Structure formats: structure tokens, C-alpha cells
There are 2 protein chains.
Amino acid sequence: MGRRTGTRRVGIADVALKAGVSHATVSRVMNGNFTVDPAIAQRVRDAAAELNYQPNPVGRSLALGKTDTIGIVVPDLANPTFQAILRGLSMAAAQDGYRVLIADSSEVSSEEAILAGEARRRCDGLVLCAPRMGDAELEELAPSLHPMVLINRSTTETRVPSLEVDYSQGVQELAEHLVGLGHTSIAFLAGPARSASNRARMAGLDKFRAAHPGVELRMLEGGSSFETGHEAVDEVLASGATGVLAFNDLVAMGLLSGLHERGVRVPEDISLTGFDDIPFARYTTPPLTTAAVPITELGERAWHSLRALIRNAEAPDEETTFQPRLEIRGSTGPAGT
Amino acid sequence: MGRRTGTRRVGIADVALKAGVSHATVSRVMNGNFTVDPAIAQRVRDAAAELNYQPNPVGRSLALGKTDTIGIVVPDLANPTFQAILRGLSMAAAQDGYRVLIADSSEVSSEEAILAGEARRRCDGLVLCAPRMGDAELEELAPSLHPMVLINRSTTETRVPSLEVDYSQGVQELAEHLVGLGHTSIAFLAGPARSASNRARMAGLDKFRAAHPGVELRMLEGGSSFETGHEAVDEVLASGATGVLAFNDLVAMGLLSGLHERGVRVPEDISLTGFDDIPFARYTTPPLTTAAVPITELGERAWHSLRALIRNAEAPDEETTFQPRLEIRGSTGPAGT
DNA sequence: GAATCCTGAGAAAGCGTTTTCTCGAAACGT
DNA sequence: ACGTTTCGAGAAAACGCTTTCTCAGGATTC
């Protein structure tokens, strides 16, 4: 039995009483059902307005079996990439009258399943963003999460729409760009080990390596934050590389700042690339050469897929891959002598 | 009558049937009510596990009169400041088992009341972040939104806990810092007109002006984004100021980038300050002198206030003001000759 | 051994809606 | 004028849960 706070909220019953009609009629009027006598309808509307009646969404949800809410699970809300996805998702969903509920797993992959399940139950659908969990677990979880769309991951057993970025291709293009500038010693400052997008980059670099036997390519341990980049300065310098591919723009910015502190000139001494093209990338000094991913659009598209799923209940199971676009700016230049 | 999708979700009734007990008993077991025979409780748990039963949160919410969800309304989710507040809020609320629902008003102040009301009805509480609406409207709206906490705004009639940043003090300190470096011609690149925090900065600068009659202080129209800063380069140069106070770090970064493109050296030719100390601020070249606001903590504290409100139902009506801390970095230096 | 207390579990009410079902009255056709 | 359809609105069921109320049966007491 629901507890009541001091002054009870005005409910449909109050309106019905005031207008001298039944609950049902009030409901019909509120939902624009036209099988109601215009005079009575007006009386109901007046009563509702006077009492400032606002339907209780929870009761409505229970009766309707929908909440007009979707959930999103991200590994780390501090990451601008996920923020941008969230924003795109939220804006697009809002257009259709949906709100978004957020769940941050804080990179703890064991929490993801629980968070996702909980969020899914509260909502009409779910966006699972770059989950860190293993393939097997994801596969097993997927059916119970429907309707859901995946970002930067995909499943094979279950049909789940997924939106992916071709990190492999993007990082290859960046590497090619460096080679084109004459760099023959390149370092890759990697991302989080559990990240699928990092694995994709690795795969891309394997291909690159095969295509360019003459280029020396070193892999450096890393992460996904400023700090990672900033702390990697020594390692990068020790590697002797003249071209550095950072995991993402954040890492690149941290590294850029560290190099600057050391008096290492970019791009004269070292060329540096990021990934994602976050808004900040074009405002660093020098502006960052990067692979642009339409991140906000990714969130928007995620909503469109999810919406289709929610409406049709049948999957329009698409698998979209976004191609990053090379964005050449000032942080890369010809290899020094 | 709720519509049923093909395969109905497993409900409490299914578990009750399987365990051979009543709904009530299942509910008791699921909620850790110990007035249940251990043997029966185990049978219920087994049945629940076997059916993979998960209580429906909507039904639960209706019965309990709470949703374990709070809402936040922000003017612009693209702004790192609001992102950080959201993050702090979300993390803190998650600790207590609450989730957060987001609503972005896209700086459209007329939408705020509707969004806020809607969000509030869906949730157990609301955080209204830097609302753009007028004082009168805010005052009128406040009672219907309880429990709620305000960020960067406050009310006088209604008692609403509010968390504010002393922008006035912060901007004065930044200005003093410039004066201390010998700058006598200063420009303020203002923020959005509707922003209360911008008005606070203005007020602070009025005080500053009164205290330093000898210093020339110009006000320049602006905004809150990179672009604003970037586009303001000409105006700033035309003003002849050697010290520039940007509305926030974003604007400062845009301006910094623009100045750099023009070959203007920072801080040798122009000293530049931001505001907020977003994570990016320390990684620009040169690193940004700014007034540090513990933004994430702001979100965290917002949750603590809101939690108190939700629990006590009686307001611990605090009015907290955060003092920004001057963060002197490389973007400010002695005034040139 | 009977009256009383306690324990544990089922029945049912309630949370606030929507929607089906039902039925009286008005409108229509012959 | 009577039977049939249509229309509009109320009664009630349903959504899925929690919790009060109620009561049967075993334990306790004198």
C-alpha cells in the first residue's frame, strides 16, 4: 500500500469528482479520445486545469506497459566520447518524447550485466555503449535485454542492431598519413586493454605493418585519459619514434602537453595524431590531426535504431559501420632529417 | 489494460505458482521480510532463480510511491561544466541505488518549466541546474517541484537548498591577479546574457572597477562556447587589452587558439584567463590560468542535499557557496612594456 | 485440558492509470 | 409504433507489485 506524504497529490479521482464524471471519462478526455460529449469534455478539462491535474506517469506506465524512457550504459561518463554519444542520444530521443536514464559502470566490467539488466527493466529499451564484458557474456545477456542496440560491439548469435566505428581503417589511414610525411619510426600509444575499439586499432596496425615492412612500429601500453598521455612522455621519447599514434584525442592532448613541457616541438620534432575529433581537438596548439568520428550522430543513430525496435518489436537488424574521416591539422608534419 | 508482447514477462504470480505459495509470500521473501519460514523462503528463492524472476520496477514504484530515480535539468549537455555536474550527481546517486534521468533544455528557457515538471513527476526528486528562466517564474515553480535542489540559482520565497559558486569573487581574484602582473588594460569576454553566473561575474567586475579606478576594463559581448572565443579574436585585439578574462575555459580555449593563429603570443603579448578549470584547461599550450570550481563535487553535493530532502521530507535548507580557487598557470604573465 | 498468545501465510485492498465490458438512452429505419 | 443500431459514459478489470488485515494452527500458560 503506497505511503502517502502529508498532502496527497491530485489524482484522476479528484478530477472525476469535481467534474461529476467517472475516472474513465477523465482518462478518455486526457488522452484525446473523441467518444466524449464536447460539453462534458470541456467540464473535465476545466476541472483538470483548476486542480492543476497532471497524470501520474508511474500509473500510466503500469497500465500502458511502457515508460517512455530508454537507458544507456557507458563505461565512463568522464570520457568525452561517451558524453557526446549520450548527448546525441538524449537529443534525438527527446524529439520523440523519450527521456534517457544513465548508468555508468565505471569501467568495472563485472557490474555491466547488473546495471544493464536493471536499466532495461526500468525502460523501454537500452543502448549498451562499448561494453567491456567478454563476448560470451554479451552474447548470453543480449536476448534478455531486447530491445537493445549496441555501440562499438556486436553479437553473432543474437540479432542486435549495432553501430560501429571502423577504428581499424581509421588508424591505418593515420599511419599511412605519417608514412606519407616520411616517418619511418612510429609508436602506437594503446588504450584500455578491455576496450574492443583498442583491439580493433591493434588489428588495423597489424595490417599496416604487413603492408609496410620497412616502417618500424612500436606498441606502447597506455589508457584512455589525459594522464595516460602525459605520463607516457618518457616512454615515447625513449622509443625514438618520430610519429606517434595516440589511442584517442585525450591521450594525444596529454602527450602534447607533456612534450611541450619537455621542449619537444610538435610537429617539427614529433608528429602526433589523436582519434575521435572531440571538439577540443581543433583548439589545441598545434591543432590535432585526428580521425574524425561523428560521435554525436552515433548517439542519434542509436536512438533511431532503438526506436525502430521498440515500434516494430521486430528487429530491422542493421549493422552500421561508420568510417572515420582523416582530419589533417597542425600536429603532424614532415619527418625531420 | 496493459498490452502484452508475445511472450509475457515472468511476474510474481508465476513464481508464486511454481513455489506453491501466494503472491504475498513471494513479495515478502524478495524483500527480505523474515516472518517467512526458512524452508518456504528457500523454495521461493529457488523458484525465482529457476524462472529468472526480476521484480518489475514500475509495479514496485506504484506500490511504494517511489521510483529510485532523480531528474536533472540542464541548459546544455554539450557544456563540460554541466557534464561534470551530471557525472558527480550520477556517481553519488548511484552509490545510494538511485539512477538519474536527464533533460536538456537546449538553452530554451521557455521549455524549462515543462521539462522540470515532467521530470519531477517521473522521479523522486529534481536537480535544477543553472536554469535560464526568470526569477519570478522560478519562484512560482519551486513549490510544485519539491523535493528539488538548485545549482547556481536560488530562491527567496520558497526554501530550496541551493549550491552556488561565487563567480563574483572568482572573477575579481582573476582580475586582481592580472593587475598584480602589471596589466592596466583588461577586457572581459562575457557569457550568455540569460546566465545568472554571467551576471554574477559582471557584479564582481563592478566591484573590481570601483577598487581600481586606474585600470581600464572593457566588456565584450560573448557566449559560452569555443566558437565564441575563436570569433572574438578581432574584437579582443581591437580593444587593446593586454589582459583578457574569458567567461569560461571553453571560451578561453577558443580565444587562445585564435590568438595563436594570428601569431599573438600568450602570455607575452596577451595574458588570458578562463573559469571553471575543466580537465582540459591544464593541457592547453600554455596551460590556462583559471578559477577552479570543484564541479564534480558540486554534483555530488547536490545529491547529498537532495537525498536529505527525500529522506526527511523536511528541508535541511542549506545554501552553500563554493569559493573558486585561483589556479595560476602559464597563460598569464607580466604585462609587456 | 482448556483458554490464550503467537507465528506464519493467504486473501484482499491499494497504488493511479487505461481499456474492455456493459448497458441505458437516443437515433434510426421500416 | 416497434425493433434495431449507435452512441456515450459508468463499472470494473487489468497492469505488477507491497502491505494490511485476517485467520488457522501450534505453542504456551494456568
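Residue numbers begin at 1 in each chain, while the letters A, B, ... track the order of the sequences. Note that the structure is a prediction, hence the values are computed from the model and not measured.
Each of C:dG16, C:dG10, D:dC17 was ranked by its minimum atom distance to the side chain of B:Asn56; first place goes to D:dC17. The nucleotide whose nearest atom lies closest to any side-chain atom of A:Leu62 is, among D:dC17, C:dT19, C:dG16, C:dG16. Residue A:Pro55 places its side chain closer to C:dT17 than to any other of D:dC17, D:dT19, C:dT17. Closest to the side chain of A:Val21, from the set D:dT19, D:dG10, D:dC17, is D:dG10.
Surrounding CD of A:Glu140 are at most 12 heavy atoms belonging to other residues, nucleotides or ligands under 6.0 Å away. Summarising the local packing, NE2 of B:His23 is surrounded by 12 or fewer heavy atoms from other residues, nucleotides or ligands at distances under 6.0 Å. Counting heavy atoms of neighbouring residues, nucleotides and ligands inside a 6.0 Å radius, atom CD of A:Gln42 exceeds 12 of them.
A donor and an acceptor atom, one from each side chain of B:Glu111 and B:Ser106, are nowhere located under 3.5 Å apart.
For B:Ile40 and C:dT7, the CD1 to C1' distance is 12 Å, given to the nearest whole Å. Here the P atom of nucleotide D:dG16 and the CZ atom of B:Arg9 are 9 Å apart, to the nearest Å. Separating the CZ atom of B:Arg122 from the C1' atom of C:dT17 is a distance of 14 Å, rounded to the nearest angstrom. Per the geometry, CD1 belonging to A:Ile12 stands 11 Å off P belonging to C:dG16, to the nearest Å. Remark: C1' of D:dC17 and CG of B:Leu17 are 17 Å apart, rounded to the nearest angstrom. Taking atom CZ of B:Arg121 as the reference point, atom P of C:dC15 lies 20 Å away to the nearest angstrom. What separates CG of B:Asp14 from C1' of D:dG16 is a distance of 11 Å, to the nearest Å.
Taking a 4.0 Å limit (strictly below) on heavy-atom distances, residues 27-39 of chain A reaches DNA chain D at A:Arg28, A:Thr35, A:Val36, A:Asp37.
A:Arg122 places a side-chain heavy atom less than 4.5 Å from the side chain of B:Thr69.
Residues B:Lys18 and B:Asp46 are not paired through a salt bridge, judged by the lack of any N-O separation under 4.0 Å between the basic side chain and the carboxylate.
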Side chain to side chain contact (heavy atoms under 4.5 Å, CB included) assessment of B:Glu319 paired with B:Glu164: CA-CA 8 Å; B:Glu319 186 136 339; B:Glu164 299 191 86; 3.7 Å; yes
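The 5' end of DNA chain D is approached more closely, in terms of each residue's nearest nucleotide, by A:Ser22 than by the other of A:Ser22 and B:Ala13. Residue B:His23 is the one, among A:Thr25 and B:His23, whose nearest nucleotide of DNA chain C lies closer to the 5' end (criterion: closest heavy atom).
Residue B:Tyr53 places at least one side-chain N or O closer than 4.0 Å to OP1 or OP2 of D:dC17.
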